[in-house]
Amino acid sequence: MTTVLIAGGGIGGVAAALGVAQAGHHAVVLERNAQFTELGAGIQLGPNAFRALDRLGVMEGVHQGAVFVDALTLMDGVTGERITHLPLTGEFRARYGYPYAVVHRVDLYTALLDACRAYETIDLRTDSAVVRYQFDGDEVLVELVSGEIVRGDALIGADGIRSTVRAQLLADGEPRVSGHTIYRSVIPIESVPDEMRWNSVTLWAAPKRHVVHYPIAGGKFLNLAATVDNAATEVVTGRPVDRDLVLDTFASMAATTRAFIDLGRDWRTWVLCDRDPVRRWTDRRVVLLGDAAHPMLQYAAQGACMALEDAVSLRDLLEPGEVDFPLVFERFNDLRADRTGWVQQVSRAIGEQVYHPDGAEARERNTSLGAHTVTRLFELVDELYQEPVPSMPLA
Ligand SMILES: Cc1cc2nc3c(=O)[nH]c(=O)nc-3n(C[C@H](O)[C@H](O)[C@H](O)COP(=O)(O)OP(=O)(O)OC[C@H]3O[C@@H](n4cnc5c(N)ncnc54)[C@H](O)[C@@H]3O)c2cc1C
């Protein structure tokens, strides 16, 4: 049995720990925060995420609070008309083998964390911010902010978009600030009028802005996310923001969209960041995973899905007993780089070409997407939701 250190206990880090333990190894998760927690917002999980959760043995735990929405609905956020509608029930489930659902992040995270806690071979350490790593023969030495040195046979950097491990491994600077600002609010369903309780992920597309809403936590809450391309340059993470500012920012949208925005309370704001894809993210016994390796805009709703796929992919490469980590990590990197790089690019493209166009481009979007049959819509999302194809080229 080897010891694998994991920097970061987010969704990617705890999923990786589970994979490491399932492969017969010891995992030590080093989380900088005082607690293992996730944000109180919603997250969409495609069938590829459920496939990964099933393989990690945690699908049932996630199913409990999940809302199995009937459709992904794209609305014109200016005219208020429906553009297109991807049904997520019968044919969708049959095609991909797994459902599409929206969950409370905490529910997803708790299911993963509980599964980790059932393993004696997983140590979950808080207050353990990783500062740097170095090699000592066949070992990796990880220095924590406290000065403590933790030894292991390998290190997985799952420490998110501003990864310390990545900064040392790739030295490629800060993430790209997208210039897009998101406002998020989660509200009790009792404050939502009956006629606005739609069982779908609904996206309202408008020039340089869009609004998404869906029910979460077994339908107890409505998750609202409103995004504007306002050329923001400052990095903001979770700052409370005045409700009037949000109302003003989306005042040009259709009346129904505004009615949803109007329901929001206690808004918080983030400025979205991502990175260009890179092909290599290993350094001998050190590898990156999840957002540390391939941070993306949330427009394809795939960042966490990719982190879960990563965890399964890595687990499947780890044999019990002795492990040639440099080789395994290179293989993992080779298997994952094309697909995750492609999803990073798709996520940006969806924002530009589907969510934010104006004028003639918006009309063209409505006409072309509106003309697609359900089968054609499935074909458009096949690459995201089907079993990953490792050799997929970058777009
Ligand atoms: C607005 C928004 C909506 C989204 N919606 C979706 C969606 O619908 N579907 C989807 O699949 N994805 C979505 N995502 C993306 C998803 O949230 C991320 O891809 C996912 O959370 C990444 O998980 P991670 O574990 O790799 O990184 P993180 O969640 O960032 O976790 C990193 C962890 O590392 C810890 N850490 C950081 N530095 C250190 C250090 N030096 N030492 C120790 N610990 C450290 C952090 O405290 C944190 O716990 C969305 C993202 C955003 C911003």
Side-chain angles (χ1 to χ4, degrees), residues 5-17 28-39 41-50 52-53 69 72 100-105 108-109 112-113 124-133 142-146 150 155-168 175 178 180-185 201 203 210 212 214 216 223-227 235-238 268-275 288-311 340 343-344 347 384-385:
L5 309 177
I6 299 170
I11 291 165
V14 293
V28 181
V29 182
L30 302 165
E31 167 56 47
R32 70 177 168 190
N33 288 334
Q35 286 179 334
F36 283 91
T37 49
E38 251 294 338
L39 210 63
I43 191 164
Q44 302 177 54
L45 295 178
N48 56 324
F50 279 104
L53 291 167
V69 278
L72 298 179
Y100 194 107
V102 287
V103 300
H104 202 285
R105 275 172 181 266
L108 167 64
Y109 190 66
L112 288 165
L113 209 54
L124 297 166
R125 292 189 48 176
T126 51
D127 297 308
S128 300
V130 169
V131 177
R132 65 181 67 83
Y133 65 85
V142 167
E143 185 183 333
L144 305 185
V145 74
S146 61
V150 187
L155 169 66
I156 299 173
D159 47 346
I161 188 165
R162 287 189 178 72
S163 164
T164 302
V165 179
R166 181 182 179 122
Q168 182 174 347
S178 70
H180 298 191
T181 300
I182 186 167
Y183 305 95
R184 296 160 104 182
S185 171
V201 172
L203 188 140
H210 70 274
V212 184
Y214 48 80
I216 54 167
N223 188 80
L224 288 167
T227 305
V235 176
V236 176
T237 52
R268 286 182 178 267
T269 184
W270 285 256
V271 171
L272 301 170
C273 297
D274 69 353
R275 286 185 186 273
L288 305 178
L289 178 146
D291 274 8
H294 39 69
M296 56 190 70
L297 298 180
Q298 85 277 20
Y299 300 157
Q302 279 290 319
C305 301
M306 287 298 119
L308 293 168
E309 283 188 8
D310 283 351
T340 54
V343 181
Q344 282 176 289
S347 301
L384 279 180
Y385 300 148

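Note that this is a predicted model, so its numbers are computed, not measured. One is the number of the first residue; the rest follow in order along the sequence. Only heavy atoms go into these numbers, but all of them, side chains included; no hydrogens, no water, no symmetry mates. Each ligand, and each atom within it, is numbered from 1 in the order the structure gives.
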> Do me a favour and list the nearest non-hydrogen protein atom to atom 36 (N) of ligand 1 with residue, atom name and distance?
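Protein heavy atom with the smallest distance to atom 36 (N) of ligand 1: Arg32 NE, 3.6 Å.
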> Of Val130, Ile6, Thr37, Leu30, which has the heavy atom at the shortest distance from atom 42 (N) of ligand 1?
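Considering heavy atoms of Val130, Ile6, Thr37, Leu30, the nearest to atom 42 (N) of ligand 1 sits in Val130.
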> Give me the nearest non-hydrogen protein atom to atom 39 (C) of ligand 1 as residue plus atom name, then the distance to 0.1 Å.
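Closest protein heavy atom to atom 39 (C) of ligand 1: Asp159 CB, 3.6 Å.
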> In ligand 1, which numbered atoms sit nearer than 4.0 Å to a non-hydrogen atom of Asn33?
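Those of ligand 1 that fall under 4.0 Å from Asn33 are 47 (O).
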> For Asp291, which part has a heavy atom under 4.0 Å from ligand 1: side chain, backbone, both, or neither?
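Within the 4.0 Å criterion, Asp291 contacts ligand 1 through backbone and side-chain atoms alike.
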> To the nearest 0.1 Å, how far is atom 29 (O) of ligand 1 from its closest protein heavy atom, and which atom is that?
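For atom 29 (O) of ligand 1, the nearest protein heavy atom is Glu38 OE2, 4.0 Å.
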> For ligand 1, which atoms sit closer than 4.0 Å to a heavy atom of Thr164?
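Taking each heavy atom of Thr164 in turn, ligand 1 has 41 (N) under 4.0 Å.
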> Among protein heavy atoms, which lies nearest atom 31 (O) of ligand 1, and at what distance?
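Closest protein heavy atom to atom 31 (O) of ligand 1: Gly10 CA, 3.5 Å.
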> If you measure every N/O of Gly290 against every N/O of ligand 1, is any gap under 3.5 Å?
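Such a contact does not occur with ligand 1.
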> Of all the heavy-atom pairs spanning Ile161 and Asp291, show the shortest one and how long it is.
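Heavy-atom minimum between the residues: N-CB, 3.7 Å.
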> My understanding is that we take every heavy atom of each candidate and find the minimum distance to atom 32 (C) of ligand 1. Doing that for Ala167, Ala158, Gly8, which one comes out nearest?
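Nearest heavy atom to atom 32 (C) of ligand 1 lies in Ala158.
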> For ligand 1, which atoms sit closer than 4.0 Å to a heavy atom of Ala129?
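Matching atoms, with element in brackets: 42 (N), 43 (C).
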> Give the residue, atom name and distance (to 0.1 Å) of the protein heavy atom nearest atom 53 (C) of ligand 1.
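Here the closest protein heavy atom is Leu272 CD2, 4.1 Å.
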> Could you check whether Asn48 and Glu309, counting side-chain N and O atoms only, form a donor-acceptor pair closer than 3.5 Å?
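Present: a donor and an acceptor within the cut-off.
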> Which residue holds the protein heavy atom closest to atom 47 (O) of ligand 1, what is that atom called, and what is the gap in Å?
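For atom 47 (O) of ligand 1, the nearest protein heavy atom is Glu31 OE2, 2.7 Å.
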> Ala7 versus ligand 1: do any nitrogen or oxygen atoms come within less than 3.5 Å of each other?
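For ligand 1, there is no N or O atom that lies under 3.5 Å from one belonging to Ala7.
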> Please test Leu124 against Val28 for side-chain contact (heavy atoms from CB on, under 4.5 Å), starting from the C-alpha separation and ending with a verdict.
CA-CA 6 Å; Leu124 297 166; Val28 181; over 6 Å; no
> Gln302 vs Gln344, test: side-chain contact (heavy atoms from CB on, under 4.5 Å). Steps then yes/no.
CA-CA 9 Å; Gln302 279 290 319; Gln344 282 176 289; over 6 Å; no
> Can you tell me how the ring of Tyr100 sits relative to the ring of Tyr385, calling it parallel under 30°, perpendicular over 60° and tilted otherwise?
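Rings of Tyr100 and Tyr385: perpendicular, over 60°.
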> Please report the C-alpha distance between His104 and Tyr109 in whole Å, then the side-chain angles of each, then the deciding distance to 0.1 Å, and finally whether the ring-ring contact (aromatic ring centres under 6.0 Å, His included) criterion is met.
CA-CA 9 Å; His104 202 285; Tyr109 190 66; over 10 Å; no
> Could you tell me, atom by atom, which parts of ligand 1 come under 4.0 Å of a heavy atom of Arg184?
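Contacts of ligand 1 toward Arg184, numbered from 1: 1 (C), 2 (C), 3 (C).
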> Mind checking whether Tyr214 has an N or O less than 3.5 Å away from an N or O of ligand 1?
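No, there is no polar N/O contact under 3.5 Å.
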> For ligand 1, which atoms sit closer than 4.0 Å to a heavy atom of Ile11?
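By the 4.0 Å cutoff, the relevant atoms are 25 (O).
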> Among protein heavy atoms, which lies nearest atom 12 (N) of ligand 1, and at what distance?
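Protein heavy atom at minimum distance: Ala304 N, 3.1 Å.
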> Mind listing the closest non-hydrogen atom pair of Ala158 and Gly12 along with its distance?
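Taking Ala158 first and Gly12 second, the nearest heavy atoms are CB-C, 4.3 Å.
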> State, to 0.1 Å, how close Leu272 and Leu297 come at their nearest heavy-atom pair, and which atoms those are.
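Of all heavy-atom pairs spanning Leu272 and Leu297, the closest is CB-CD2, 3.9 Å.
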> Where is the nearest protein heavy atom to atom 9 (N) of ligand 1: which residue, which atom, and how far?
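For this ligand atom, the closest protein heavy atom is Gln44 O, 2.9 Å.
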> Gly12 to ligand 1: N or O pair under 3.5 Å?
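Yes; the residue has a nitrogen or oxygen that sits under 3.5 Å from a nitrogen or oxygen of the ligand.
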> If you compare all heavy atoms of Val29 against all heavy atoms of Gly9, which two are closest, and at what distance to 0.1 Å?
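Where Val29 meets Gly9 most closely, the heavy atoms are CG1-CA, 3.7 Å.
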> Heavy-atom contact check, 4.0 Å cutoff: does Arg105 meet ligand 1?
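Yes, Arg105 has a heavy atom closer than 4.0 Å to ligand 1.
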> Report yes or no: does a heavy atom of Ser128 sit under 4.0 Å from some atom of ligand 1?
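The answer is yes: ligand 1 sits under 4.0 Å from a heavy atom of Ser128.
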> Which atom pair, heavy atoms only, marks the closest approach of Leu155 to Ala7?
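The answer is CD1-N, 4.0 Å.
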> Does an N or O anywhere in Gln298 fall below 3.5 Å from an N or O of ligand 1?
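The answer is no, given that Gln298 and ligand 1 share no N or O pair closer than 3.5 Å.
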> Using heavy-atom distances only, which candidate in Ile43, Val14, Val271 approaches atom 6 (C) of ligand 1 most closely?
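Answer by nearest heavy atom: Ile43.
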> Looking only at heavy atoms, which two atoms of Thr126 and Ser128 are closest? And how far apart?
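Minimum heavy-atom contact is O-OG, 2.8 Å.
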> Between Cys305 and ligand 1, does any nitrogen or oxygen pair lie at a separation below 3.5 Å?
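Checking ligand 1 against Cys305, an N or O pair does fall under 3.5 Å apart.
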> Measuring from atom 27 (O) of ligand 1, which candidate in Gly160, Ala16, Gly238, Ser347 has the nearest non-hydrogen atom?
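Considering heavy atoms of Gly160, Ala16, Gly238, Ser347, the nearest to atom 27 (O) of ligand 1 sits in Gly160.
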> Will you find, in the side chains of Glu31 and Asn33, an N or O donor that is under 3.5 Å from an N or O acceptor?
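Yes, because at least one side-chain N or O of Glu31 sits under 3.5 Å from a partner of the opposite role on Asn33.
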> Under a 4.0 angstrom heavy-atom cut-off, which atoms of ligand 1 come close to Ile182?
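Reading through ligand 1 atom by atom, the close ones are 1 (C).
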